[in-house]
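Working notes, structure below.
Each chain gets a letter, A, B and so on, in the order its sequence line appears, and its residues count up from 1.
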Amino acid sequence: MAELEQRGDRTPIPAAWEYASAPESREIVKLEERYGLFIGGEFVEPRSGEHYKTLDPSSEEPLAEIPQAGPEDVALAVGTARKAFSDGWSAASPAERAKYLFRIARILQERSREFAVLESLNGGKPIRESRDVDVPLAAAHFFYYAGWADKLEYAFPHRRQQPLGVAGQIIPWNFPLLMLAWKIAPALAAGNTVVLKPAETTPLSALLFCDVLRQAELPPGVVNIVTGDGATGAALVKSEVDKIAFTGSTEVGKAIQRELAGTGKKLTLELGGKAANIIFDDCALDQAVEGIVNGIYFNQGHVCCAGSRLLVQESIYEPLLEKLKRRLTTLRVGDPLDKNTDVGAINSRQQLDKIEELVAAGEEEGAEIYQPPCRLPEKGYWFAPTVFTNVAQSYRIAQEEIFGPVLSVLTFRTPDEAVEKANNTPYGLSAGVWTEKGSRILWMAQRLEAGVIWANTYNRFDPASPFGGYKESGFGREGGLHGLEPYLDFREDSADVIGG
Amino acid sequence: MAQAPALPTGFELPLEPRLPRIGSVDQVAVEARATDLSRRSIKREAKLFALDLAVRMMDLTTLEGADTPGKVAALASKAVRPDPSDASVPSVAAVCVYPNLVQTARERVAGSGVKVASVATAFPSGQSPIDLKVAEARRVVELGADEVDMVIDRGAFLAGRYAKVYDEIVQVKEAVAETHLKVILEVGELGTYDNVRRASLLAIAAGADFIKTSTGKLSSSATLPVTLVMLEAIRDVFEETGRRVGMKPAGGIRNAKQAVQTLVLVHETLGLDWLTPDLFRFGASSLLNDVLMQIRKEKTGRYQSPEYFTID
Amino acid sequence: MAERAGRLPVKKTYKLYIGGAFPRSESGRTYEAEGQNVARASRKDVRDAVRAARAAQPKWAGMTAYNRGQVLYRVAEMLEARTGEFAELIGDEAEVHAAVDRFVWYAGWADKLAQVLGSANPVAGPYFNFTVPEPTGVVGVLVPEEPPLLGLVSRLAPVLVGGNGAVVVASESRPLAAIELAEVLATSDVPGGIANLLTGFRSELAPVLAAHMDVNALDVTGADGDVPELERLAADNVKRIVRGSADAQSPWEIAGFLELKTVWHPMGV
């Protein structure tokens, strides 16, 4: 029981109300000591003979040994996927394909707690988010695309379409299971087979997903999982796949685009961002504060569409910042498995180093730093929620993607200036607009160069909603009807070519 | 701060970008925030702390046409000693009864520290002339009420006659003087969160000591998001002026879980300072027994039966 | 050019079309093609053309779709009016007719694209969510060598109807149709700078366009052996690469030059 503090003639008020720790049990997750590569429906030893350790970033405790797939392993996986494609998957009735996907969706729902715990354990994200966002959305994604599998002719009427073949997919560590779902669900719905490479630091949920495939009785070889670092990804890009779908940094995305130049292989890139979250003085202020917090501290800011540049109308700057800082003091940073944790662990040492380097640059360049008082655990990778004020557009923290819980605050005076500043970046993934004026929202939405505009909300995702970037944030869309297009081959479509 | 200049048409512009401003509330976002906070996991000692606090913050209420001295006497006894088998359970904050039963309640709670609250101003509709409302409020104080819960004139509010609503609160506040005034907005009739915020700021500006969600006579009442909207209005006033206004959700809070969720909302919106009966109350009739059951469950580790808790 | 008896005809100087004007190449160079001296554009001409396209594009994109459709229809009208001239130039009247019809066909898409390519998305929550196509910005177009007019029109019209600005590298061996078309564009309400046509050596111009950091998309339909190198250069700013066909006519040809924007807004009171 908390101590009580007497103040004058008032009833005593408590000195603290500490929420008792409420950790989600790890018992539900059964980890292997060492995993294999999932090729042809079973786990196989990597021919490379190499393994590495994957960690719990909140404690640096090793969780399991993971194969480092080499070019030979990748080639085997691609060959297996190719065989599965031609041996029946591409010819399987679309309705049957749909039913496999529905099965996967259902099994993910049934095993949601297990996946949520594993996702938090291996990735460092709060269980609140993996439980309420990552896992339900992953299941929803399979459910959504399941329904498309036998309706493709309605998605693209009057177009001759067929699956591409083998899709090589490379996903990041910020939403391991959800990104897997974003990649695999539309690929299978369109009739392709898949070789997917999870991120180096977060392979475990993808490996557990293999057990979902077993339960769903998906034919062997339709989905293959190869683990490893960037070298494995590079091998996949160079392999005999028909398509590459990549989510990750702009730098790597460009390298992939260069690598595939002239091959005619289909490519979709979902890359970095430096989104502006624009706050007008007539907004619903308390909700905007929540949107700012959700925009940049959700998943420790490890979000490509994070609202990392806050553009505040000068006439509301002072009260907004007061509210924001106050709100930050209520953020609970700590054990990812505690159900009350709002901000978890940074995903890796490497990422923490990058955040620390950019934050140091911000201070050096003259920005003013604010961090709420919070106790960070001694072991593991942690970074306190951070706000930079007095930021100039030219500072690195206003230009470069930090991919961490760090917000840069800038101001603007007029809607024109807000648009100009928001668009003044090579990126174009997302943007937020907060105003109670409907016509202004539409005016802004039209002018912002970004693939996703959140108006009076932020960081919302849905399988029916297309997601993807403008400019250097990539091309192609994931989600919705538009998310099918990158997995279909229209090259033999002569119906709409006159004289072709 | 300088006086805002009156523009020729009567419009005013704020001179500084300061709070509180009327502003608006986004329904979807405020409901999402309330849902997020409701998912806090409050366990063991943290839960016991909240349950104990909930008892101390309770305005144990009966506002029925069928209320009798016998009913109110029993209720008042329960207020003083909610769980006769567990002396560590504190008394509630107040009993809330109709004016005719204030005297009965006073006698029963005498010396216990439990306050007596009553309702006035043509409760629950508020649709009476202001002179009657003022007289009623004054009379309720004379009858011995420590706290007066008034209703705003929703008809006037919804007709856009905010000045009338404001003036009535000012006059009632004058009438009850030092007596604690809680102003009921009856949020279920206001239609939007924008209106809830507007009415909250109006009531606070007019002198309310507490703002209160509901009369308890409507089915839609003290939901978490509506409570959050009112807490945020209170916070804006506090941060700008330093004035502490109390909050009382009433109606619809029937179990301990809802009470704990509400306290989480208070804690994370206004902080520890509001976790006191001086600034936060629950208006409820059936909530108390569920809280008592949960307290005993936490202490014994066993799930409880309602048979073991008195109905008063 | 048929000569008439008794009169020496006035011959046309074939120049570039940049920003709505007809400058010579800033380099002062020409090359001979189809029996004419044709401007041989330089990298600085590419730069100027991109700058002109970037400056003009927002206004073009900001016009109503109805208006843009009418402008493109106007192009068809002006082209039709010069059928004889074009037929004589390229030696194929049927191709001129096809080119006119293609402009008409694409003109009609301006105000239908959003309905065919966009969507209202039923998300699982209290949000209104819709997706609309928008122009990608400035597009570099390497048009096929043949057919000289229809190949150009088939690649250019989809870029324009989508609301983009275009920098076109014309057929190297048969560039005259491009310059003639520029005269059509110049007299048909297409804002200056929206369509820029450069003649010259493709091997010289294409890499400059592919590497230009202010170009958003590159149509490599008319590129040949240098596609891998062009695509590698294009990756520096993640350009969208379009490989179309010289004779396609499809709304999906337009889609390659469009971005999709998804907007979320809560539904509440």
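Only the backbone of Phe461(A) comes within less than 4.5 Å of a heavy atom of chain C; no side-chain atom from C-beta onward does. Interface remark: Ile256(A) contributes no atoms to any contact with chain C (heavy atom separation under 4.5 Å). Contact annotation for Pro466(A): both backbone and side-chain heavy atoms come within less than 4.5 Å of a heavy atom of chain C. Using a 4.5 Å cut-off between heavy atoms, Leu269(A) contacts chain C through its side chain alone, with no backbone atom that close. Arg477(A) touches chain C through its side chain: at least one heavy atom from C-beta onward sits under 4.5 Å away, while N, CA, C and O do not. Of the atoms belonging to Ala431(A), not a single heavy atom falls under 4.5 Å from chain C. In this structure, chain C has no heavy atom under 4.5 Å from any part of Leu267(A).
Counting only heavy atoms from C-beta outward, the side chains of Lys239(C) and Phe475(A) never approach each other to under 4.5 Å.
At a cut-off of 3.5 Å, with distance as the only test, a side-chain donor of Asn129(C) or Ser465(A) sits close to an acceptor on the other residue.
With chain A as the partner, the residue from Arg240(C), Glu231(C), Arg232(C) showing the most heavy-atom pairs under 4.5 Å is Arg240(C). Of the listed residues (Leu230(C), Leu117(C), Ile241(C), Leu260(C)), the greatest number of heavy-atom pairs within a distance under 4.5 Å of chain A belongs to Leu260(C). Of the listed residues (Thr131(C), Leu233(C), Val227(C)), the one with the most heavy-atom contacts under 4.5 Å to chain A is Thr131(C).
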Quiz prompt | Pair Lys471(A)-Thr136(C), side chain to side chain contact (heavy atoms under 4.5 Å, CB included): steps then yes or no | solution = CA-CA 8 Å; Lys471(A) 304 195 284 188; Thr136(C) 198; over 6 Å; no

Practice problem: Decide yes or no on side chain to side chain contact (heavy atoms under 4.5 Å, CB included) for Thr457(A) and His265(C), but give the supporting numbers first. | Solution: CA-CA 7 Å; Thr457(A) 187; His265(C) 196 278; over 6 Å; no

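Within a 6.0 Å sphere centred on CZ of Phe156(A), other residues, nucleotides and ligands contribute more than 12 heavy atoms. Annotation for Phe143(A): atom CZ does not count as buried by contact number, only 12 or fewer foreign heavy atoms lying within 6.0 Å.
Scanning residues 203-211 of chain C against chain A with a 4.5 Å non-hydrogen threshold yields no residues.
With Asp462(A) as the fixed residue, the side-chain contact (heavy atoms from CB on, under 4.5 Å) test singles out one of Asn121(C), Val123(C), Thr262(C): Val123(C).
Residues satisfying the side chain to side chain contact (heavy atoms under 4.5 Å, CB included) test with Asp224(C), not counting sequence neighbours, are Arg202(C), Asp226(C).
A distance of 10.5 Å separates CD of Glu472(A) from CG of Asn216(C), quoted to the nearest 0.5 Å.
Among all heavy-atom pairs drawn from Pro122(C) and Ala464(A), the shortest one is O-CB, 3.8 Å. Across all non-hydrogen atoms, the minimal contact from Ala235(C) to Arg258(A) is CB-CG, 3.6 Å. For Val238(C) against Gly474(A), the heavy-atom pair with the smallest separation is CG1-CA, 4.1 Å.
Between Phe490(A) and Trp252(C), the two ring planes are parallel [angle under 30°; tilted spans 30° to 60°].
Side-chain atoms of Lys261(C) come within 3.5 Å of backbone atoms of Gln446(A) as a donor-acceptor pair (strictly under, hydrogens ignored). Distance alone, capped at 3.5 Å, places no donor-acceptor pair between the Glu229(C) side chain and the Ala261(A) backbone.
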